[in-house]
Amino acid sequence: MRILIAVHTYYPDKNGVQAVTQYIAEGLARRHEVLIITELKETYKRAEIKNGVSIERIKVNKRRYHFDGEKKKFLERIHSYAPDVLISVCTQSWPFDWVKKKVEKLNCKKVLYTHGYSGLMEKYPIVNDLINLRLRAFEYHLHWMLYYCRAYKYIRKYDLVTYLSKNNLSSWYAKRHGLTNGAVLSNAVEDEFFLNPSSDRIAGGNINNKVRYIYVANYDNNKNQKGVLEAFLEAGLDEAELVFIGSKANGYYEELVEKNEQKNGQRKNISFLIGLERKEIAEQLTLADVFVCGSKKEEYPLMLCEAAAKGLPIISTNVGHVSEMQGCIVVKDMSDMARQIRRLYEEPQERWERGKMLRQYALNNYQIKDKVEWLEHRLMEL
């Protein structure tokens with residue numbers, strides 16, 4: 001098969017959508033011809049080959065809620081490449097928005113690979129936005145309400161739509177609009193994260209003198225590293241460490257570091273890391289004892305899957321699929337997180353047992369080969 005995957009983020013970017021798309025593309029490329037079309041950014045090459053996958057990049061500009069750029073070039077490339085299958089990754093992105101009105105006219109099978117609909121809500125608080133004069137919020141909610149009032153008409157025209165979980169908003173939206181072309185394809189974890197699990201290190205008696213908590217996520221308000229920092233400090237653990245890992249420094253990162261300096265003084269038990277390679281992140285997880293997640297909203301947080309693969313116990317807010325992960329501790333707020341941080345600090349046996357449960361859950365549900373085989377089989381059926 002000739003497979004064209006259009007995605008807004010790909011190598012050398014570092015994020016969840018990039019990671020998932022890359023293992024899918026490279027897995028399919030072992031037996032099929034795969035072309036990625038993605039965004040051209042500063043210092044990136046126009047075209048290259050990475051692990052058997054051809055990558056071509058186009059210029060894209062985001063104008064508030066809309067995209068412009070080399071749209072014509074993108075559409076012409078679809079026709080010149082003549083794929084057997086076109087995979088559009090994510091709604092609310094140019095790979096979907098630029099083709100949604102042309103889906104029926106494309107002479108190939110079409111797949112929409114979703115990662116959750118971040119702008120979708122069961123009920124939009126538009127009236128409250130106006131009453132409280134939250135005009136930016138009103139604009140945001142009105143735009144996405146109108147977007148998803150129409151999106152299902154285009155989603156219906158795809159031959160296959162993948163959802164991360166049967167319990168997320170994307171699946172709810174499909175049921176609400178009577179869409180029958182969907183199937184669940186959850187995320188997987190790179191093989192590197194299954195190696196040298198933390199749970200094996202602990203089982204061998206190699207327990208850290210200082211219990212090490214870790215949070216891997218890009219630094220931003222939704223990931224809520226500030227809340228996790230507050231919870232850790234509230235737990236009051238002098239003989240414990242907290243490690244934050246994000247892809248790059250930004251305004252939120254600087255605010256987080258400053259907050260730590262104000263509340264934690266010169267103590268060196270909290271670290272803020274940036275720019276680590278995937279292998280280095282996997283190594284940091286091996287050295288950790290507990291993974292903490294304070295996200296406010298997630299559809300299917302990949303970092304929790306990676307932590308589970310490493311055999312780490314997890315404390316998380318109730319986002320995405322965490323309630324389905326056997327062994328995960330789900331907290332209702334940051335004060336609850338502080339209590340659970342302290343409890344796992346005091347209970348090494350429970351840390352090990354929960355980590356072992358999550359490791360087995362990951363082995364059963366998050367292996368790349370299973371996801372690639374599933375998708376390849378469905379594409380062959382199409």
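Excluded from the calculations below are hydrogen atoms, water molecules and symmetry mates; all remaining heavy atoms, backbone and side chain alike, are included. Please read these numbers as outputs of a predicted model, since none were measured by experiment.
- Between Tyr140 and Trp144, the ring planes are perpendicular. Angles over 60° get that label, and only those under 30° would be called parallel.
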Hey, mind stepping through Glu139 and Arg64 against salt bridge (charged side-chain N to carboxylate O under 4.0 Å, His left out) and telling me if it holds? CA-CA 11 Å; Glu139 179 189 44; Arg64 294 186 72 79; 2.4 Å; yes
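- Around atom CD of Glu346, more than 12 heavy atoms belonging to other residues, nucleotides or ligands sit under 6.0 Å away.
- The two atoms that bring Pro197 and Ala309 nearest to each other are CB-O, 4.3 Å, heavy atoms only.
- Between the side chains of Asn218 and Ser247, a donor-acceptor pair is found at a separation under 3.5 Å.
- Side-chain contact of Glu26 with Tyr11: a donor-acceptor pair under 3.5 Å is absent, judged by distance alone.
- What you find for Ile5 and Val34 is that their closest heavy atoms are CD1-CG1, 4.1 Å.
- Atom CG in Leu273 sits 10.5 Å away from atom CZ in Phe244 (nearest 0.5 Å).
- Ring geometry, His143 versus His66: the interplanar angle exceeds 60°, so the pair is classed perpendicular (tilted spans 30 to 60°).
- Nearest heavy-atom pair, Pro95 versus Ala6, reported as atom, atom and distance to 0.1 Å: CB-O, 3.4 Å.
- Looking at Tyr147 and Asp97, their side chains do bring a donor and an acceptor atom within 3.5 Å of each other.
- Contact record, Lys175 with Lys166: NZ-O, 4.3 Å, taken as the closest heavy-atom pair.
- A side-chain donor from one of Tyr81 and Glu33 sits under 3.5 Å from a side-chain acceptor of the other.
- No donor-acceptor contact under 3.5 angstrom links the side chains of Tyr213 and Asn269, judged on distance only.
- Under the 4.5 Å side-chain criterion, counting only non-hydrogen atoms from C-beta, Leu28 is in contact with Leu375.
- Contact between Lys223 and Tyr215 at its shortest, heavy atoms only, is O-OH, 2.6 Å.
- Considering Lys297, Glu298, Glu299, Gln92 in turn, Gln92 is the only one that fulfils the side chain to side chain donor-acceptor pair (under 3.5 Å) rule with Ser118.
- Looking only at distances, a side-chain donor or acceptor of Gln367 sits under 3.5 Å from a matching main-chain atom of Leu363.
- Without hydrogens or angle criteria, Arg212 side chain to Asp289 main chain gives no donor-acceptor distance under 3.5 Å.
- Of the N and O atoms on the side chains of Ser88 and Tyr158, at least one donor lies less than 3.5 Å from an acceptor on the other residue.
- Atom CG of residue Leu242 and atom CZ of residue Phe232 lie 5.0 Å apart, to the nearest 0.5 angstrom.
- Ring pair Tyr173/Tyr148 is perpendicular by interplanar angle, where above 60° counts as perpendicular and below 30° as parallel.
- No hydrogens or angles considered: nothing links the side chains of Thr286 and Asn196 as a donor-acceptor pair under 3.5 Å.
- In this model, a donor atom of one side chain and an acceptor atom of the other lie less than 3.5 Å apart for Ser165 and Glu324.
- For the 3.5 Å distance criterion, the side chains of His141 and Asp129 qualify, holding a donor opposite an acceptor.
- Geometrically, Lys102 does not engage Tyr154 in a cation-pi contact defined by less than 6.0 Å to the ring centre and at most 45° from the axis.
- Judged purely by atom type and a 3.5 angstrom limit, Asn250 uses its side chain to pair as donor or acceptor with the backbone of Tyr252.
- When all heavy atoms of Ile37 and Arg77 are compared, the closest pair comes out as CD1-CG, 3.6 Å.
- Remark: the backbone N or O of Lys110 is paired with a side-chain donor or acceptor of Asp159 at under 3.5 angstrom.
- Between the side chains of Lys296 and Asn221, at least one donor N or O sits under 3.5 Å from an acceptor N or O.
- Side-chain atoms of Asn264 do not come within 3.5 Å of backbone N or O of Asn260 as any donor-acceptor pair.
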Assess whether salt bridge (charged side-chain N to carboxylate O under 4.0 Å, His left out) is satisfied between Asp336 and Arg339, documenting all intermediate values. CA-CA 5 Å; Asp336 191 16; Arg339 288 190 291 271; 3.6 Å; yes
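- By the criterion of side-chain heavy atoms lying less than 4.5 angstrom apart, applied directly or through intervening Ile, Leu, Val, Met, Phe, Trp or Tyr residues, Phe74 is not grouped with Val7; the two fall into different hydrophobic clusters.
- For the pairing with Arg57, the salt bridge (Lys or Arg N to Asp or Glu O under 4.0 Å) check across Glu70, Glu42, Glu48 returns one residue only, Glu48.
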